[in-house]
Amino acid sequence: MKIQLHVWRQESPTAAGSFETHVLDSVSPDMSFLEMLDSLNEQLIEAKKVPVDFDHDCREGICGSCSLNINGVAHGPQSGTTACQLHMRSFKDGDDIYVEPWRANAFPVLKDLITDRSGFDRIMQSGGFVSVSTAGVPDANAIPVAKQDADEAMDAATCIGCGACVAACKNSSAMLFVSAKVSQLALLPQGAPERGRRVQAMIHQMDQEGFGHCSNTYECEAVCPKEISVRHIARLNREYFKACFFGKED
Amino acid sequence: MNLDSKIPEGPLSEKWQKHKFNMKLVSPANKRKYHVIVVGSGLAGGSAAATLAELGYNVSCFCYQDSPRRAHSIAAQGGINAAKNYPGDGDSVFRLFYDTIKGGDFRSREANVYRLAEVSASIIDQATAQGVPFAREYGGLLANRSFGGAQVSRTFYARGQTGQQLLLGAYSALSRQIGLGQVKMYPRTEILDVVVVGGKAKGVIVRDMVTGKISRYKADAVVLGTGGYGNVFYLSTNAMGCNVTAAYRAYKRGAGFANPCYTQIHPTCIPVSGTHQSKLTLMSESLRNDGRVWVPQQQGDSRPPHEIPDTERDYYLERKYPSFGNLAPRDIASRSAKEACDAGRGVGPGGLGVYLDFADAIRRLGEQTVRERYGNLFHMYQKITDENPYQVPMRIYPAVHYTMGGLWVDYNLQSTIPGLHVIGEANFSDHGANRLGASALMQGLADGYFVLPYTIGNYLSGEVPDDVDIDAPEFERAEKEVRDRMAQLLSIQGKKSPTAFHRELGQVMWDHCGMARNRAGLEKAIQRIPEIREEFWQNVRVTGAGEGLNQQLELAGRVADFLEYGELMCRDALVREESCGGHFREEYQSEEGEAVRNDQDFAHVAVWEYQGQGKDPARHVEQLEYENVKFATRSYK
Ligand SMILES: Cc1cc2nc3c(=O)[nH]c(=O)nc-3n(C[C@H](O)[C@H](O)[C@H](O)COP(=O)(O)OP(=O)(O)OC[C@H]3O[C@@H](n4cnc5c(N)ncnc54)[C@H](O)[C@@H]3O)c2cc1C
Ligand code: FES
């Protein structure tokens, strides 16, 4: 396959960026999208040019490192799929492909296709946990959890923290990300003692980081590689109102 | 080299309890005076950093990803073992201990493995308390499944994402401590050297991967939880960034490297599809419960699978191991696949694949049941290969997956450098020559939550806090060496990319130090690797600059270390003249092609000591004493 690739190049957080166009003549349909970028980089190195930097690690859709806007869609055309799991057979010979970093004020570009997503970590540090220390906890089977609740908690917990939800949202809202953690812990008895404090702290930090609010367009759900449902946002809202109206600890 | 394993006296089942009592403690008021550097935020590093901080130590934690949540532990699928005996099927600490020793082909330390089994149950309690959503039964209690190498159901799991959920549990504990200011987290920061002052580990040299700044950090103790070195093979199931750099630098500073040749090759991975391939994807071992492995009987048979009648197929695992059949252990299943392909009977591109066929299972159980059991795996397979495994058999091939070797540690998880502790996959401790499924997650978390936090106190109690100067000559020298190396890498401006060298090394390693090894091949590799290395230092092209973000420079540094480390692996494999676990020497096999161990001469840990640039490393041994189990030949016939 032959493709025309338009890649965002930006030298540093403060430099201005622009698209750079490259033609790739022999793309195999079996390549993953990132392997296609690898081959671009080999080509650039060969030509004594500076290759394109992009975040990636596991290349199997679980670490949440890869973060590419492909033809304007976070993680590209295939639903429920990270960029690293997307294969070139999803494109046609002769296609033009535009590759950009996540676009959100809370995710500033560091270089080329790499953004700074540490805002997510700070949200987690503000309350995305159960405050138990190592040792001194009860036997695991002393805390029974209804299977439906455990399964739903697991649905939320599969979030890989990639940031596609933010990139897809016109408000750059982090609500789907925050709701995944709030919902997981709200569904489990282990999370109950801190649920009020947790949701308030996480929402507060989300605002501090400059993420926007949710106006229910559900782009986040559409691009989420783990197909996390916006129902969790509904639960987040409920948790938040409850905490605000009925005091911090409930 | 002092290889005193410091195994406590007394009966096996009392050693750890006694040892915990005998170790010196640091009082709560004094803990905050000590500073510990933890390198790595995976299951091992993340759990250790969080726990040490909870205890009151000041912790600095480093990882190379942009967030501690992305360590490669995240990718583990199948599950985690623990001797809970919830199903009441006869499990016990001793049984888990015994299975692990046997699975490791009698090449691990009894006392360590027993302790691992002993603390395993606490891991499940801890993770559950953190809110890890393990699979449950309708009654609300935890579910278990069975895994290779065991006859009881002791594996806990969270769908096919157990590693992710356990890591996010550790990450949440770590996040809490970061929020409290007890851990200072340094993501996108790569450790490039360990600093030893007065014979003790006292700090690290790091590169900020965003700004390119090289700087020093000092501490009263250093902990490495930097994961495995499977990427020395270029293609593996490891993440792209997995490396040997921190461990190898520690080795060059005097830490002994144990059993580097022990590598685990997982039998069920998706085969290589072309030279563009950058990594391999694991298909869970659970598929072998219902899939049947076969190749055509005839060499070079190019008919599509459905045109090959049953009588012309070789279900080789069922034929060779009638009692375990398709569920033969990993090392054996991998080797058999290689044999079939070497004999020209492999399938798919390049003949490097065997069929894993679900046609019989679908006939027997119906497509719906198969979908319920394996739907997500079939989906992933189809995504990658564009073939529908409900209609055509999967093609699989073995791939490098895990490394049992690692830095040598004593019972306290301390390396041969005082103050340098090593945890998780980065150490060599518990899996001998072969790791059982679902035991790596257990070991990483055991080390980080329940072992190191005790043993490091014993070390620190003998140290005066903050007794080194960051301007000490040792720091100066280490930093200069790192700077010089970066400068050198950037100055060569040759013709080949770092990846090209990595691929070349990987091929040599796979051909000669992979699933089957022999003297001639290893000798060839030991000759070939230094040639590649030499070319690397003359002809590599590292684009960009030292300042700022530069992924090529990061990669070049890692490849440079692999180019030295690969040779050490081959040396280790050459000297170990026996076949055990994942180390199969073709010269040492039975008539039926089974591994033959040599307990007389090799029931020991091989520990390598660096002797300086251009000199052969020295090999030392730690004899393994078995007081509670007897040597036996593994048989799965
Ligand atoms: C695909 C796959 C599936 C698996 N499935 C299972 C399973 O089902 N059950 C099981 O028990 N085991 C499984 N394993 C094995 C298990 O996941 C690993 O052995 C284990 O998670 C390793 O944990 P760790 O903490 O030692 O290392 P890792 O999780 O690899 O963490 C290493 C850490 O060190 C950091 N680091 C590394 N080098 C540097 C450096 N130079 N500078 C700074 N930081 C550095 C990294 O950033 C990272 O934070 C699987 C492995 C793979 C690859
Ligand atoms: S690289 Fe890990 S999710 Fe894509």
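Residue numbers begin at 1 in each chain, while the letters A, B, ... track the order of the sequences.
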Tell me, side chain or backbone of [X] under 4.5 Å from chain A's heavy atoms, or both, or neither?
X: B/K496; value: neither
X: B/F156; value: neither
X: B/M380; value: side chain
X: B/E554; value: neither
X: B/L280; value: backbone
X: B/Q551; value: both

Give, as side chain, backbone, both or neither, the part of [X] having an atom under 4.5 angstrom from any heavy atom of chain B.
X: A/I114; value: side chain
X: A/S32; value: neither
X: A/S67; value: neither
X: A/D30; value: both
X: A/D151; value: both
X: A/S133; value: both

Do you know the tightest heavy-atom contact between [X] and [Y]?
X: B/G139; Y: A/P144; value: O-CB, 4.5 Å
X: B/G131; Y: A/Q184; value: O-NE2, 2.9 Å
X: B/T237; Y: A/E60; value: O-OE2, 3.9 Å
X: B/A158; Y: A/M154; value: O-CE, 3.8 Å
X: A/A150; Y: B/F134; value: CB-O, 4.4 Å
X: B/Y171; Y: A/F120; value: OH-O, 4.5 Å

Is the closest side-chain donor-acceptor distance between [X] and [Y] under 3.5 Å?
X: B/T128; Y: A/Q190; value: no
X: A/D121; Y: B/S67; value: yes
X: A/Q125; Y: B/S175; value: no
X: A/E42; Y: B/S497; value: yes

Within the 4.5 Å heavy-atom criterion, are [X] and [Y] side-chain neighbours or not?
X: A/F129; Y: B/L168; result: no
X: B/H276; Y: A/S39; result: no
X: A/K49; Y: B/T543; result: no
X: A/T81; Y: B/K383; result: yes
X: B/R159; Y: A/D155; result: yes
X: A/M124; Y: B/R176; result: no
X: A/R89; Y: B/D386; result: yes
X: A/V130; Y: B/S172; result: no

If you count heavy-atom pairs within less than 4.5 Å of chain A, which of [options] leads?
options: B/I384, B/I124, B/T51; answer: B/I384
options: B/A71, B/P133, B/G179, B/G544; answer: B/P133
options: B/I74, B/V542, B/D66, B/L142; answer: B/I74
options: B/T385, B/T281, B/N238, B/V210; answer: B/T385
options: B/P187, B/A121, B/S278; answer: B/S278
options: B/Q164, B/Q130, B/Q493, B/K495; answer: B/Q164

Handout entry: Residue pair B/E137, A/K147: steps toward the side-chain contact (heavy atoms from CB on, under 4.5 Å) verdict
Key = CA-CA 6 Å; B/E137 306 289 357; A/K147 187 173 183 326; over 6 Å; no

Taking [X] for the side chain and [Y] for the main chain, is one N or O donor matched with an acceptor at less than 3.5 Å?
X: B/Q65; Y: A/S65; value: no
X: A/K111; Y: B/L549; value: yes
X: A/N141; Y: B/L141; value: no
X: A/R59; Y: B/K279; value: no

Problem - Neighbour count >12 (heavy atoms, 6.0 Å) for atom CD, A/Q208 - result: yes

Looking at [options], which has the largest count of heavy-atom pairs under 4.5 Å with chain B?
options: A/V50, A/D55, A/I143; value: A/D55
options: A/P29, A/S131, A/G127, A/G61; value: A/S131
options: A/V137, A/I62, A/D57; value: A/D57
options: A/V145, A/L34, A/D149; value: A/V145
options: A/N41, A/T158, A/L185; value: A/T158
options: A/K48, A/H56, A/Q85, A/E46; value: A/K48

Problem - Salt bridge flag under 4.0 Å for residues A/D116 and B/R188 - result: no

